[in-house]
Each structure stands twice: as structure tokens, then as C-alpha cells.
Amino acid sequence: LQERARSALLSQAMSSDVMVEPEESLLALSSMTRTLAYQLAEHQIASATALAEYSVDELIELTGIEETLAGELIMEARQPLFDGLENQGE
């Protein structure tokens with residue numbers, strides 16, 4: 001039992017050291033910089049879809065960016081969701 005616990009902890013530690021690359025959807029956001037995209041990827045936010053799930057306050061807490069920029073990025077990441085809802089209504 002102890003050996004399995006050690007093995008599980010080792011696997012968890014190793015998986016958290018894996019560098020996640022930002023996806024093109026995140027890099028393509030007009031207000032996104034490469035530096036910020038990689039900073040977000042370190043927090044497992046590697047796509048625009050993942051970013052869209054965050055609030056402004058959460059993004060500020062994770063990255064330290066300004067409130068205005070956080071709001072712009074989140075709204076831009078959510079835009080495809082809004083577009084999809086509009087197309088369903090037609």
C-alpha cells in the first residue's frame with residue numbers, strides 16, 4: 001500500500017512538471033502576448049476555450065495583469081460561444 005502511495009505521489013509530481021504549450025487559439029487572441037500565453041499555459045490554461053471559463057478576478061489572481069486586459073481577453077475568448085448562440089437563434 002505504501003509503495004502504491006509513493007508511486008502515485010511520484011507520478012503526480014512528474015506530471016505537474018510537464019510544460020504545457022499554449023494552443024494557437026490562445027495565441028491568436030488580439031490582446032494576447034506570447035509571454036502571457038505561456039504564463040497562462042503554466043496554469044493549465046492553454047486554449048481560448050479554457051480561458052473563457054475564468055472570471056476576471058481569477059485571471060488577475062493567477063497572472064497579475066490589469067483588470068481591463070483580463071476582461072478583454074476573457075470576452076474575446078468567449079466570443080465564439082456568443083456567436084454560436086446567435087446562430088442557433090436563426
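Counting from 1, the numbers follow the sequence of the chain as shown. Values in this document were obtained by computation on a predicted structure and should not be read as measured data.
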Query - Euclidean distance, L29 CG relative to Q79 CD, rounded to 0.5 Å - result: 11.0 Å

Query raised in the report: When you look at CD of E67, are more than 12 heavy atoms from neighbouring residues, nucleotides or ligands closer to it than 6.0 Å?
Result: no

Query raised in the report: Can you list every side chain to side chain donor-acceptor pair (under 3.5 Å) pair that touches residues 54-64, not counting sequence neighbours?
Result: S55-E58

Report task. Decide yes or no on side chain to side chain contact (heavy atoms under 4.5 Å, CB included) for L40 and L59, but give the supporting numbers first. Result -> CA-CA 9 Å; L40 291 170; L59 197 55; 3.4 Å; yes

Query raised in the report: S25 side chain to A48 main-chain N or O, any donor-acceptor pair under 3.5 Å?
Result: yes

Report summary line: When every non-hydrogen atom of A46 is compared with those of V20, the smallest separation belongs to CB-CG1, 3.5 Å

Query raised in the report: Would L62 and Y38 show up in the same hydrophobic cluster when neighbours are defined by side-chain heavy atoms closer than 4.5 Å?
Result: no

Query raised in the report: Listed by chain and number, what are the side-chain contact (heavy atoms from CB on, under 4.5 Å) partners of A37, not counting sequence neighbours?
Result: P22, L26, L27, M32

Requested in this report: Sequence neighbours left out, what passes side-chain contact (heavy atoms from CB on, under 4.5 Å) with S31? Give chain and number order.
Outcome: L69, E72, L73, E76

